[in-house]
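Side-chain atoms are counted along with the backbone in the values below, which use heavy atoms only and exclude waters and symmetry mates. Residue indices begin at 1 and follow the sequence shown. Atoms within each ligand, like the ligands themselves, are counted from 1 in listed order. This is a predicted model, so every value here is computed, not measured.
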Amino acid sequence: MNEAPSVRLLELMGEWERAEAEVLSCLGEWDRAGTWGEDGACTPVAWLTNRAPVTKGDAVRLIRAARLAGDHDRTGKALAAGDIKSAHVHVLARAVRHREDQYPDHEDVLIDAATEHEPEWFRHLARQWRAIADDVAAGAEAEKQFEHRRFHCSATFGGTVVGDFELDPEGGAIVLAALEARDQPDPVTEGDLGRSRSQRWADNFVEIMAEDLERPPPGGRVPHTVDLVVDADTLAGTPPSDLGAARCELDLVGPVAPETARRLACDAAIGRVVTQGRSEILDLGRRTRLVSRAQRRALARRDRGCGFPGCDRPHWWCDAHHIVHWIRGGGTDLDNLILLCRRHHVLSHEGGWKLERAPDGTITAVPP
Ligand SMILES: [Zn+2]
Ligand SMILES: [Zn+2]
C-alpha cells in the first residue's frame with residue numbers, strides 16, 4: 001500500500017489548520033479596528049466577498065468565528081495555542097447564536113469539552129449545550145420548528161411524484177425510525193451492487209404507505225384504494241382510434257405508460273378497472289382475483305424469491321408476473337407465473353426484457 005498520499009494529505013491539512021487559526025485571529029483584529037471601512041465597504045462581509053476567494057456564506061461564517069474568538073479570552077487563547085481547532089470555533093459560533101448572553105458563564109465548560117473531543121463529537125455536545133443553556137429560548141425555538149412543519153407532495157406533468165418536507169424533532173425522529181427500521185442493505189452480487197440507500201428509503205416509504213392503505217380505516221369508513229383505469233385496447237397495445245375513450249391512468253397521479261399498466265395489471269397491490277369504449281367496464285378486480293392466495297403460496301414455495309436469473313430477493317418483496325400476459329391470452333396458472341422483485345418486474349415490462357421458461361423450469365432472461 002502506498003501511504004505517501006495519505007501522509008501528504010494530513011500534512012497539508014495540518015498546515016491548513018494553522019493557517020485558518022491565524023486567519024481567524026487576524027480577521028478578528030481587522031474587524032475590531034474597522035479597517036474594512038477604510039475602503040468604503042459597507043460591511044466586513046462585503047469587503048471579504050469582493051476581495052477574497054470566498055462566498056458570502058463563507059465570509060459570514062469566518063467573521064462569526066473570528067468575533068467569538070476575539071471577544072472571549074479563553075476561546076481565543078485556546079485557538080492560538082492549538083488546544084482547540086478552528087473547526088471547534090466554527091461549531092461554537094453556530095451554537096452560541098441567540099445564546100450570546102450565556103456564553104461567558106459557560107465558556108470554560110465548552111472549551112474544556114472542545115479541548116477533549118474531536119470536532120464531530122464536539123458538534124453533538126455543542127448542540128446539546130444549546131438545547132439546555134437557555135430553557136426559554138430553546139422552548140421558543142422548538143415552538144417555531146413545530147409551526148414550520150410542512151409536507152408537500154404532488155404529481156408532476158411527467159407522472160412522477162415529488163415532494164419535500166420539514167419536520168419538528170419529534171415528528172422527524174418518528175419518520176427516521178420507521179424508515180430505518182425496515183432498512184436492510186441488499187446483498188452485493190457480481191454485477192449488481194443492490195439498491196442505493198436513497199432507493200431503499202424510497203421503497204421503505206412506499207411500503208409503509210401501502211401497508212397503511214391495506215389497514216381498515218377507523219370508524220367503519222370505506223377503505224381508500226388506488227385504482228388503475230385502463231381501456232382494453234391500450235392494455236392490448238392497440239393504438240387508440242378515439243382519444244376520448246382511451247384511458248391509461250392511475251388515481252391521483254394521472255396517465256402512466258401502457259407497459260406500466262400491464263405490469264400493474266399483472267399482479268400488484270393496486271386495483272384495476274379495465275374499460276371498453278367511453279363507459280363500459282369490462283373487468284373490476286383486485287389482486288386476489290388475479291393470483292389467488294393459494295397460488296401465491298405455491299409460488300413462494302417453488303421460486304422462494306425473485307425468479308429473474310441471479311436475483312436473490314426474497315418472495316415477500318415480489319409480485320407475481322405473467323410470463324405471457326393475460327391480455328395476450330396467458331393463463332393465471334403456475335406454469336405461466338413467476339415471482340419477480342419490483343426491480344426485475346419493472347425490467348420485464350418497462351425495460352423490455354423477455355423471460356422464457358424451458359420445460360425443465362429454467363428461466364432465461366433475454367435483453368431487449
Ligand atoms: Zn408482470
Ligand atoms: Zn429480482
Legend entry - salt bridge (charged side-chain N to carboxylate O under 4.0 Å, His left out) contacts touching residues 24-38 (sequence neighbours left out): Asp31-Arg67
Legend entry - Polar contact flag, side-chain donor to acceptor under 3.5 angstrom, Thr332-Gln295: no
Inset, instruction - May I ask you to determine how many protein N/O/S atoms are under 2.8 Å from the Zn ion (ligand 2)? - result: 4
Inset, instruction - Specify which N/O/S atom of His321 comes nearest to the Zn ion (ligand 1), by atom name. - result: ND1
Inset, instruction - Step by step, work out the side chain to side chain contact (heavy atoms under 4.5 Å, CB included) result for Cys306 and Leu340. - result: CA-CA 4 Å; Cys306 177; Leu340 289 180; 4.0 Å; yes
Inset, instruction - Please collect all ring pair (Phe, Tyr, Trp, His ring centres under 6.0 Å) contacts where either partner lies in residues 38-82, sequence neighbours excluded, each pair once. - result: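 Residue pairs passing ring pair (Phe, Tyr, Trp, His ring centres under 6.0 Å), neighbours aside: Trp30-Trp47, His72-Tyr103.
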Legend entry - N/O/S from Cys266 sitting under 2.8 Å away from the Zn ion (ligand 1):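 Yes - counting backbone and side chain alike, Cys266 has an N, O or S atom under 2.8 Å.
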Let me check something: any side-chain donor-acceptor pairs from residues 77-88 under 3.5 Å, sequence neighbours excluded? List them with distances.
residue: Lys77; atom: NZ; partner: Asp73; partner atom: OD2; Å: 3.1
residue: Lys85; atom: NZ; partner: Gly82; partner atom: O; Å: 3.2
residue: Ser86; atom: OG; partner: Glu17; partner atom: OE1; Å: 2.7
residue: Ser86; atom: OG; partner: Glu17; partner atom: OE2; Å: 3.4
residue: His88; atom: ND1; partner: Lys85; partner atom: N; Å: 2.9
residue: His88; atom: NE2; partner: Ala114; partner atom: O; Å: 3.2
residue: His88; atom: NE2; partner: His117; partner atom: O; Å: 2.7

Legend entry - Basic-acidic side-chain contact under 4.0 Å: Arg149, Asp168: no
Inset, instruction - Would you give the length of the straight line joining atom CG of Leu347 to atom NZ of Lys354, rounded to the nearest 0.5 angstrom? - result: 11.0 Å
